[in-house]
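Presented below is the structure to which this report refers.
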Amino acid sequence: MKFYDIRRLKSESLVLNFENGRLEKPKYVSIKSKAFRVLKNGFWGFFEGDVDDREGLEIAERLAAFEGDSDVLEISSRGDFKLKVKKDPKDISIEEKISLLKDLYTIIRADSVKISYMENKRVFEYVDSCGNECNYEVWRCGVVIFAVAKDKSLQAYSRRLLKVGGFEVIDESYEIAEDVSEVISKLVNAKSPPSGEMNVVLDPSLAGVFIHEAFGHSAEADHVLQSSTVLKSKIGEKIGSEEVDIYDDPTIPEFGFYPFDDEGVRAEKHILVENGILKGFLHSRETAKKLGGNPGNARADGTSFPIVRMSNIYLAPKDWKFDELLEECKSGVYLVGTRGGETDPATGFFQFSAQYGYIIRNAEICEMIRDVSLSGNTLEILRDLKIGNEVKFDPGFCGKAGQYVPVSDGAPHVICKAIVGGA
Amino acid sequence: MDWELYELWSKKIGVKVENNKIKVFGGSQSKLYAARVIIDGKVGFASAEDPKNAIEFAKKVAKISNEELDDFPCEKPSKVSGIYDRRVEDITVDYLREEVERLLSSTEKISTAEISHEVSEVRITNSYGCELEERSTFSSLNVEVVIDNGSGYDFFESRSVELRMEEVAKKAEELAKLSAKSKRIERKVSDIILSPYAVHQLFSNTLYPSLSAENVLKGRSRFKIGDYVGNLRIIDDSTIDGGLMSCSFDDEGCAGRRKVIVDENILNFFTDWKTAKIFGCTGNGFRDEATNPPAPSPSNVVLDVKEKCDLDDAIYINYFTGAHTANPVSGDFSYECHNATLNDEPVRMMIYGNVFELLNKLAGKFGEAKQVENTITPALRFKSVKLI
């Protein structure tokens, strides 16, 4: 065989759901698993299961039964990493965690409220046939708040606070609870949005989703090899306005943080776009070998086969103040928060939904609107983007090929022109 | 103390194709245990790699839980056939090679494809004497084709080993060609026909959540028993021969059964064992993952409409982009569509509205019913829908 690697994963999670004043469906989950990859005759054999290393490699080698053109970049990577936390979740009593949820619950005025506290410890070990060996321990903590209320219409609103770190992550949850309470009380009487092509100011959360969904997935090098991205053959070309700088950085202590990727590559910041010019793609060791580039973005959901993924992708801040963006917009909509989105990297068309928004009239924020979506084409939007001066990150779980990994998307406020629609 | 132990064993084998070449041949084997205990009327849940740990952790969780349950079910399971194909157990490397060759010979434009065959066994035991086990199989194929600036996706899922390689590859290719040629239409109000896949995308993200008994009880649904839904019949049936979601018993051990949920008006909701105490048992306590506790979820949802309709002057929508971004509580949605046709011409648009209002515009059904994940439906025609 040309190459093998072994991953060993232990994961422990606690989830506490506080729903309508009661602790419902609390759960503890402990998972232990291993994954084995063997590259032989240019073909990957892969096995996932909790067996001893020799048996796992034998099974994976038996599965490397075809011939192909797969290859892997040789790297040199060794190290141990343990994320330092200020408040180890294991040292916080479960009663204190429940007490926090009760406090948050008292802040929110809504007909139905669900507050979920979650903590996860991921212990990861990696070895490969090149002699690389690394391991790490990382905590992730956070709170998700979901509220439902009814007046003129039945509406739902949610916020997430999820980061790497210990129980200290939760310190910011009170602000989020207050925001949920305020927004849901207004959202129930919000109007339907206008529809058609118009100027749109995106808040950092929605702008971050745009950068993740519309640009980031198109910059994943496996899509380049699959001929399924509009960015194929565009390295060195101008794809956006000169204001556009986009980076992916797994070393930022946000939800997409990791010290080593799932191929043992030490994490580092990657330049994707600078001054509007496409500088690089996100790579695994295989795509880096085939296309040239830096690996470090191969990630797996648990012990699945690692594929090219984002970590903390962000649009760098520029000079526009929020008031200046409104002035530039003059009339249109200001969209806030996200219910997710989807893009087709092959065509560049995307669709995202905001949680709510406001009409912008005469450069001023006016009445609230609900259930509003926008769609457009990635390259057209990037070409005419104006970018605000302060980045904020929003966490989430990104799905690709049936695998979900923690990520965060960062951006300042931006203004663009897009198609807006809503019920 | 009362207890319940859910065990899920699974074995999977499959192939990934990238850019018309076989890339990975993979297998997996896993066993997971999930335990629930009731101590002083309160439920604790935990999942672990061995049953003893799962029970011990569940006991600790029960001490802090407010979740209440009186007991666990003990029912005789239903008889369900067509969910296990012995041949999936014996799939060889040569069989997979032959499958991939058939797929690759069907189109030269595959961007990505995945073939998967899985055998799984569920076992449920509890302190009320429940001892149930069921072995089942699941095979799937998904294909993405990219042609010029268009992309198309299709998939096939089955309980048996046979996968429709040629049919799926050709359909994905056809949709990619449509997508490449599609032109955005002018803003208008038009009749639309949703393919079975588009119906599933829309309803599973907007309508089905409102039919969950848990959501009804927690104020997250607009429905109550007797409410008018539209000219539609919705049956949940976990006993359909060969159904993708068919099972002799749900994930709590309640027998699989057929029940009418909507016959123009709401007659029932999907219930798990807990909400069954209020609305009656429908055998819909399912776990979205083995590591989660059960909650009310649909099994095979059969949709039917009395009236038949034709394609005349309607936009036929194959599938949506961004289906999961709909509002599961209010039912509001706005989706992009790149694989639509109007009088055989490829078109693209954004469609927006509210699912509960849309149901009042249901005009009829078109073509044969098809199962897409948990939805079994023909294409459905809706009148006067807003498009941009």
Side-chain angles (χ1 to χ4, degrees), chain A residues 19-20 22-33 43-50 59 63-66 68-70 94-95 98 111-112 148 153-156 195-196 222 225-228 305 339-342 344 346-347 349-353 370-373 375 401 419 421-423, chain B residues 16 18-19 21-30 44-49 53 57-58 60-61 64-67 93 97 111-112 114 144 146 149-151 179 187 218-220 222 291-293 321-330 332-336 338 348 350 352-354 386 388:
Chain A
E19 283 194 78
N20 299 333
R22 299 161 57 84
L23 187 70
E24 297 215 0
K25 298 188 178 176
K27 70 167 186 171
Y28 171 83
V29 177
S30 166
I31 292 170
K32 199 169 86 175
S33 186
F43 189 82
W44 288 108
F46 174 68
F47 179 70
E48 194 182 352
D50 192 15
I59 297 170
L63 292 170
F66 299 106
D69 63 358
S70 289
I94 206 154
E95 287 75 17
I98 296 168
D111 297 333
S112 178
V148 175
S153 66
L154 181 69
Q155 289 296 323
S195 58
D222 50 349
L225 291 172
Q226 293 156 11
S227 300
S228 61
F305 193 92
R339 269 208 307 273
E342 187 176 346
D344 183 350
T347 62
F349 286 104
F350 66 82
Q351 187 274 349
F352 311 127
S353 289
R370 61 177 164 80
D371 284 305
V372 52
S373 295
S375 69
I419 293 172
Chain B
K16 287 180 184 169
E18 192 175 279
N19 213 14
K21 292 173 193 154
I22 313 170
K23 183 171 173 59
V24 183
F25 194 29
S28 68
Q29 194 164 316
S30 68
F45 173 89
S47 168
E49 54 275 5
N53 275 345
F57 289 133
K60 289 179 186 169
V61 172
I64 49 112
S65 173
N66 297 131
E67 172 94 14
V93 170
R97 186 195 301 268
S111 171
T112 58
E114 190 163 349
E144 187 189 8
V146 174
N149 291 320
S151 73
S179 162
R187 174 196 292 262
K218 290 181 174 169
R220 300 195 290 247
R222 62 159 58 191
T291 54
N292 280 339
T321 301
H324 65 285
T325 65
N327 188 326
V329 175
S330 72
D332 288 337
F333 65 89
S334 47
Y335 295 152
E336 273 287 305
H338 295 133
R348 70 168 58 133
M350 180 189 264
Y352 62 98
N354 177 283
K386 286 181 273 186
I388 313 172

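Here is how names work: the chains are called A, B, and so on, in the same order as the sequence lines, proteins then strands, and each is numbered from 1.
For the 3.5 Å distance criterion, the side chains of A/D50 and A/S33 fail to qualify, holding no donor opposite an acceptor. Side-chain contact check for B/T291 and B/S47: no donor-acceptor pair (N or O, by modelled atom type) lies under 3.5 Å. For the residue pair B/S65 and B/E67, no side-chain donor N or O sits within less than 3.5 Å of a side-chain acceptor on the partner. Defined by atom type and a distance below 3.5 Å, a donor-acceptor pair is present between the side-chain atoms of B/D332 and B/N354. Using modelled atom types, one finds a donor on one side chain and an acceptor on the other under 3.5 Å when comparing B/E18 with A/Q226.
Proximity to chain A is absent for every atom of B/A58, based on heavy atoms less than 4.5 angstrom apart. Only the side chain of B/V146 comes within less than 4.5 Å of a heavy atom in chain A; its backbone stays farther off. Looking at A/I419, both its backbone and its side chain come within 4.5 Å of chain B, counting heavy atoms on both sides. B/T112 touches chain A through its side chain: at least one heavy atom from C-beta onward sits under 4.5 Å away, while N, CA, C and O do not. The part of A/S70 that comes within reach of chain B is its side chain, from C-beta onward, which places non-hydrogen atoms under 4.5 angstrom from that chain. The contact between B/R187 and chain A is made entirely by side chain atoms (from C-beta outward), counting heavy-atom distances below 4.5 Å. Heavy atoms of B/K23 lying under 4.5 Å from chain A belong to its backbone as well as its side chain. Heavy atoms of A/L63 lying under 4.5 Å from chain B belong to its backbone as well as its side chain. The contact between B/K16 and chain A is made entirely by side chain atoms (from C-beta outward), counting heavy-atom distances below 4.5 Å. Using a 4.5 Å cut-off between heavy atoms, B/R97 touches chain A through backbone and side chain atoms alike. Both the backbone and the side chain of B/N292 come within less than 4.5 Å of a heavy atom in chain A. For B/I64, the parts lying near chain A are the backbone and the side chain together; criterion is any non-hydrogen pair under 4.5 Å.
In this structure, CG on A/D371 lies 4.0 Å from OG on B/S330, to the nearest 0.5 angstrom. Atom OH of B/Y335 and atom OH of B/Y352 lie 15.5 Å apart (nearest 0.5 Å). With values rounded to the nearest 0.5 angstrom, A/S375 atom OG is found 8.5 Å from A/F349 atom CZ.
In this structure the side chain of A/F350 never reaches within 4.5 angstrom of the side chain of A/E342, judged on heavy atoms.
Annotation: maximal heavy-atom pairing with chain A below 4.5 Å, among B/E144, B/R222, B/E114, B/H338, occurs at B/H338. The choice from A/G49, A/S353, A/S228 that makes the most heavy-atom pairs within less than 4.5 Å of chain B is A/S353. When B/G26, B/S111, B/A46, B/P293 are compared by the number of non-hydrogen pairs under 4.5 Å with chain A, B/S111 comes out ahead. The candidate with the highest count of non-hydrogen atom pairs below 4.5 Å against chain A, out of B/V329, B/T325, B/T321, B/N19, is B/T325. Top candidate by heavy-atom pairs under 4.5 Å with chain B, chosen from A/D111, A/D69, A/I59, is A/D69. Counting heavy-atom pairs closer than 4.5 Å to chain A, the top-ranked of the candidates B/I388, B/V93, B/N53 is B/I388. Options B/G219, B/G322, B/A326 differ in how many heavy-atom pairs under 4.5 Å they form with chain A, and the most are formed by B/G322. Taking chain B as the reference chain and counting heavy-atom pairs below 4.5 Å, the highest number among A/Y28, A/F46, A/F305, A/W44 is found for A/Y28. Per-residue counts of heavy-atom pairs under 4.5 Å with chain B were compared for A/A65, A/A156, A/S112, A/S195; the largest is that of A/S195.
Between B/R220 and A/E19 there is a salt bridge, since at least one side-chain N of the basic residue sits less than 4.0 Å from a carboxylate O of the acidic one. Ion pairing between B/E336 and B/R348 fails under the 4.0 Å rule for side-chain N and carboxylate O.
Within a 6.0 Å sphere centred on NZ of A/K32, heavy atoms belonging to other residues, nucleotides or ligands number 12 at most.
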Would A/R370 and A/S153 count as a side-chain contact (heavy atoms from CB on, under 4.5 Å) here? Give the steps.
CA-CA 10 Å; A/R370 61 177 164 80; A/S153 66; 3.8 Å; yes
